[in-house]
Colleague: 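Right, I'll just put the structure down here and ask away after.
Chain naming here is simple, since letters A, B, ... match the order of the sequence lines and numbering starts at 1 in each.
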Protein chains: 4
Amino acid sequence: MPGGCQDETSRLVFGYARAVPDPNRRSERSRAAILAATLDLLHESGYADLTVEKIAARAGVGKQTIYRWWSGRGAVVLDALVDQIGPAGPPALPDTGDLEADLRLVVRAIVAELADPRLSVTTRALTIETLTSETFAETMRDRLLRPQLDTIKERLRGRVRDDVDLDQAVELLIGPMYHRWMMRTGPLTEAYADGIVDLALAALRPH
Amino acid sequence: MPGGCQDETSRLVFGYARAVPDPNRRSERSRAAILAATLDLLHESGYADLTVEKIAARAGVGKQTIYRWWSGRGAVVLDALVDQIGPAGPPALPDTGDLEADLRLVVRAIVAELADPRLSVTTRALTIETLTSETFAETMRDRLLRPQLDTIKERLRGRVRDDVDLDQAVELLIGPMYHRWMMRTGPLTEAYADGIVDLALAALRPH
Amino acid sequence: MPGGCQDETSRLVFGYARAVPDPNRRSERSRAAILAATLDLLHESGYADLTVEKIAARAGVGKQTIYRWWSGRGAVVLDALVDQIGPAGPPALPDTGDLEADLRLVVRAIVAELADPRLSVTTRALTIETLTSETFAETMRDRLLRPQLDTIKERLRGRVRDDVDLDQAVELLIGPMYHRWMMRTGPLTEAYADGIVDLALAALRPH
Amino acid sequence: MPGGCQDETSRLVFGYARAVPDPNRRSERSRAAILAATLDLLHESGYADLTVEKIAARAGVGKQTIYRWWSGRGAVVLDALVDQIGPAGPPALPDTGDLEADLRLVVRAIVAELADPRLSVTTRALTIETLTSETFAETMRDRLLRPQLDTIKERLRGRVRDDVDLDQAVELLIGPMYHRWMMRTGPLTEAYADGIVDLALAALRPH
DNA sequence: TGGTAAGCGAGACGGTACGTCCAGTCTTTGT
DNA sequence: ACAAAGACTGGACGTACCGTCTCGCTTACCA
């Protein structure tokens with residue numbers, strides 16, 4: 001970025017310069033311990049019992065170190081999840097040319113994750129936080145959800161009836177699963193996943 | 001109930017007495033004040049700021065009166081909502097014979113409710129509680145959600161492809177809306193509602 | 001007190017009525033446990049290590065119960081001391097007719113108390129608090145110090161040169177001891193106590 | 001010091017190295033800034049609000065620079081005071097030959113200092129620290145108090161009844177003032193100072 | 001119709017967690 | 001090697017609520 005020197009230490013030129021901690025001095029050891037402790041506690045006793053104080057104690061860290069880098073437990077859980085799935089993001093959606101087979105794969109994967117209490121506990125936590133805080137909802141949506149939805153959206157592009165809105169199409173696929181998961185209105189099985197794919201494709205397929 | 005003498009006020013089981021409050025003596029005045037205060041506070045500052053203590057103070061009621069009749073703030077919000085929409089339940093789904101028109105009506109109504117911050121704040125609260133407590137989730141599902149879904153389910157029965165599972169069909173209609181609402185992935189408008197109905201019917205209609 | 005009805009629950013008629021806890025409902029058990037724990041901790045590790053949190057933990061009491069009835073650790077220590085010496089106040093100064101003998105008695109008693117680390121730790125704590133907080137200083141002075149000084153003052157009245165200010169006379173007797181105690185400028189012994197009495201009487205005695 | 005080579009920067013004793021900072025390399029600029037900031041803050045908001053962190057921030061200095069050269073805020077205040085009154089120590093007690101006049105001068109000066117909130121705030125801080133820490137008390141006594149008391153002591157030597165202990169004599173003069181100042185038992189005025197001198201001399205004067 | 005027992009308001013209680021501040025140590029980056 | 005800067009662990013602060021409890025008061029039911 002030639003000529004575009006961005007001063008890292010004070011980003012606000014106008015307005016009040018909130019003292020922002022220097023990320024270069026951040027302790028990687030503490031960061032990792034906090035995220036690990038968070039996942040541990042989440043698996044042991046769920047989000048309702050997860051407190052900043054317990055995270056700090058389990059991680060062997062001062063509370064301030066958490067508050068220095070995160071705004072609250074929700075933000076920590078989000079980072080813990082992002083850290084867990086790795087910087088590469090979610091596994092890429094394969095493109096075999098067979099749309100139905102590909103979708104079956106992703107939908108099954110999502111259903112499996114939601115059905116597994118150990119895996120879905122983070123999703124549950126993040127959903128609660130999303131419903132609680134508007135600003136968190138936006139972070140969550142942009143950092144985690146949008147990329148995932150966009151992948152599916154691109155896969156659908158050009159292969160569905162050209163009068164459908166792709167965002168609606170993706171939600172047609174995704175929404176029912178999350179609804180069933182949250183509301184516990186029925187079992188989350190592979191058969192269910194396949195049923196959703198069938199229905200969605202019936203709605204979306206050209207002809 | 002011949003032979004089965006069930007004392008309402010104290011169920012003695014093997015010597016342990018769990019005192020159950022007598023609903024006949026319940027103060028209707030307090031009940032109403034609590035539910036009204038709950039909705040007020042919910043509208044003023046949201047579920048995260050809603051506490052049993054504030055409800056009691058606003059309602060001019062002792063905390064114990066709340067804990068006597070409800071298990072926590074979630075249960076109070078649920079009752080407040082039920083009380084608000086009236087004992088008759090949600091407005092009956094009309095049956096004009098035109099399935100598409102009828103569905104358009106319900107779906108539009110739901111979208112409108114979710115889009116209105118004043119109305120959706122209770123739904124938001126109940127969803128959070130649903131994600132937090134398994135037992136609450138079941139109460140919520142059975143008392144509030146199931147009747148609503150069943151209404152739609154019955155309307156669909158016999159008018160859709162006979163190889164589709166009706167529960168899945170209902171969720172195909174409902175799930176996308178809730179997903180968009182929770183995750184703030186797009187606008188909740190009438191056009192969106194109609195789009196969902198179109199897609200769902202394309203998936204479900206015979207042929 | 002005829003006609004002078006004093007409402008106990010709200011003492012402020014003008015200005016803001018600070019919610020004052022109801023002393024009738026106060027738990028005597030907790031009060032006693034707090035004061036005992038305070039003295040214990042004070043003897044174990046001194047005032048610098050005394051924290052409200054530790055008092056609460058040791059007393060098996062919530063922190064709020066301390067903050068409800070006291071303004072801070074200083075106030076608790078003051079009450080602990082008052083509670084310890086009993087509602088009767090300090091032991092009455094005997095009046096044998098022999099001024100010198102009587103004074104020798106009190107001054108020796110005070111010196112002995114200051115010389116004993118176990119007894120003087122409370123005095124030390126209260127003195128620190130007195131130097132720290134102006135309002136505490138006034139409470140301390142009026143509740144604890146003034147009565148003690150006045151006792152001596154009354155004993156001196158009429159028996160000393162009639163041109164001396166009695167307040168100064170008392171301080172002439174008391175001040176040197178406290179100075180030596182605080183500043184550790186010399187030993188606090190009976191001989192010292194007697195020396196002080198001799199000097200003071202030499203200054204005060206008629207002729 | 002033949003044979004006793006003492007390395008100033010690191011005293012190695014049986015393998016344990018306790019790094020001692022080299023006073024030659026000490027930054028005079030930082031030292032002065034720290035002492036000035038300390039007095040500023042003390043005057044602004046008192047000793048209870050004085051923290052090492054605030055001193056460092058105000059002085060534009062790292063916290064470590066304070067901890068390197070002082071043991072805590074008490075030691076800094078002590079140095080600040082010593083620095084303020086200058087290396088020459090307190091103004092010398094004049095010797096006019098008239099003992100009463102000379103004493104009146106010192107006692108009035110001390111009373112004036114204690115009565116002035118701006119001046120006495122440091123004395124207050126040092127007294128608190130003296131009561132808090134035994135080792136500080138000794139430093140304080142030897143560095144600040146003893147010289148002052150000894151000056152008076154020497155002035156009294158040979159001019160008072162020869163059966164009185166001079167240390168007690170000095171404290172008879174000094175103690176009452178400090179007591180009144182700390183306990184706020186009365187006004188600190190010139191008249192009071194003179195009264196103390198009168199009483200003390202009545203006790204001490206030969207015959 | 002007076003006694004008893006419930007619900008009620010009020011709010012103190014033992015606790016847990018909050019988010020902030022500071023102590024005192026450690027580490028990084030100049031200079 | 002000292003200094004500035006400031007992140008770190010740890011601990012206490014004073015506050016807010018939790019869910020339980022106890023206190024008088026009012027109110028309904030029963031004897």
Colleague: Given that A:Ser71 and C:Ala59 both sit by DNA chain E, which one's nearest nucleotide is further toward the 5' end?
Modeller: C:Ala59
Colleague: Would you mind classifying the nucleic acid contact of C:Trp69 as base, sugar-phosphate or nothing, using non-hydrogen atoms under 4.0 angstrom?
Modeller: sugar-phosphate
Colleague: Given E:dA6, E:dG19, F:dT15, identify the nucleotide with an atom nearest to the side chain of A:Val52.
Modeller: E:dG19
Colleague: Please check if the number of heavy atoms outside B:Arg143 that lie under 6.0 Å from its CZ is greater than 12.
Modeller: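 Atom CZ in B:Arg143 is packed in, count exceeds 12.
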Colleague: Counting any heavy atom closer than 4.0 Å, what does C:Gly60 reach on the DNA or RNA strands: base, sugar-phosphate only, or nothing?
Modeller: sugar-phosphate
Colleague: Using whole Å, report how far CZ of B:Arg31 lies from C1' of E:dG7.
Modeller: 16 Å
Colleague: Of A:Glu53 and D:Glu28, whose closest DNA chain F nucleotide lies nearer the 5' terminus?
Modeller: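 Result of the comparison: D:Glu28.
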Colleague: Between the base of E:dC8 and the side chain of B:Gln64, is there any donor-acceptor pair under 3.5 Å?
Modeller: no
Colleague: Rounded to the nearest angstrom, tell me the gap between atom CZ in D:Arg73 and atom C1' in E:dC21.
Modeller: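 These atoms are roughly 13 Å apart.
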Colleague: CG of A:Leu50 versus P of E:dC18: gap in Å, rounded?
Modeller: 9 Å
Colleague: Between atom CZ of A:Arg58 and atom OG1 of A:Thr51, what is the distance when rounded to the nearest 0.5 Å?
Modeller: 11.0 Å
Colleague: Can you see if the side chain of D:Ser30 gets near the phosphate of F:dC2 - specifically, an N or O under 4.0 Å from OP1 or OP2?
Modeller: no
Colleague: Quick one: A:Ile55 CD1 to E:dT16 C1', roughly how many Å, whole number?
Modeller: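 To the nearest whole Å, that distance equals 15 Å.
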Colleague: Around atom CZ of B:Arg29, are there more than 12 heavy atoms from other residues, nucleotides or ligands closer than 6.0 Å?
Modeller: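 Incorrect, the count does not exceed 12.
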Colleague: Determine: side-chain N/O of C:Thr65 to OP1/OP2 of E:dA12, distance under 4.0 Å, yes or no.
Modeller: no
Colleague: Answer with base, sugar-phosphate or nothing: what part of the nucleic acid does D:Thr51 contact at a heavy-atom distance below 4.0 Å?
Modeller: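 D:Thr51: backbone/sugar contact only, no base atoms under 4.0 Å.
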Colleague: How long is the line joining CD1 of A:Ile66 and P of F:dT9, in whole Å?
Modeller: 9 Å
Colleague: Sugar-phosphate means primed atoms, P, OP1 and OP2; the rest is base. With that split, encode nucleotides 26-31 of chain F 5' to 3' as B, S or - using protein heavy atoms under 4.0 Å.
Modeller: --BS--
Colleague: Would you call C:Arg68 and C:Asp22 a salt bridge, using N to O less than 4.0 angstrom?
Modeller: no
Colleague: Got a second to check how far C:Glu44's CD is from C:Asp49's CG, nearest 0.5 Å?
Modeller: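 These two atoms lie 10.5 Å from each other.
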Colleague: I need the CH2-P distance between B:Trp70 and E:dG7, as an integer number of Å.
Modeller: 14 Å
Colleague: How would you label the contact of C:Arg68 with the nucleic acid (heavy atoms, under 4.0 Å): base, sugar-phosphate, or nothing?
Modeller: base
Colleague: Roughly, in whole Å, what's the span from OH in B:Tyr67 to C1' in E:dG11?
Modeller: 14 Å
Colleague: Given that D:Arg29 and A:Val61 both sit by DNA chain F, which one's nearest nucleotide is further toward the 5' end?
Modeller: D:Arg29
Colleague: Pick base, sugar-phosphate or nothing for B:Lys54, based on heavy-atom distances below 4.0 Å to the nucleic acid.
Modeller: sugar-phosphate
Colleague: Side chain of B:Pro21 only, heavy atoms from C-beta on: which candidate in F:dG10, E:dG7, F:dG6 is closest?
Modeller: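 Output: E:dG7.
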Colleague: What is the separation between atom CG on C:Asp49 and atom P on F:dC13, rounded to the nearest whole Å?
Modeller: 11 Å
Colleague: State plainly whether the residues A:Arg31 and A:Asp79 are in salt-bridge range, i.e. N to O under 4.0 Å.
Modeller: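 No, no charged N to carboxylate O under 4.0 Å.
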Colleague: For C:Glu134, I'd like to know if atom CD has over 12 heavy atoms of other residues, nucleotides or ligands within 6.0 Å.
Modeller: no
Colleague: Under the 3.5 Å rule, do the base of E:dG11 and the side chain of B:Lys63 count as making a donor-acceptor pair?
Modeller: no
Colleague: Taking the six-membered ring of B:Trp69 (Phe, Tyr or Trp), confirm whether the NZ or CZ of B:Arg25 is under 6.0 Å from its centre and within 45° of its axis.
Modeller: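 No, B:Arg25 and B:Trp69 do not form such a contact.
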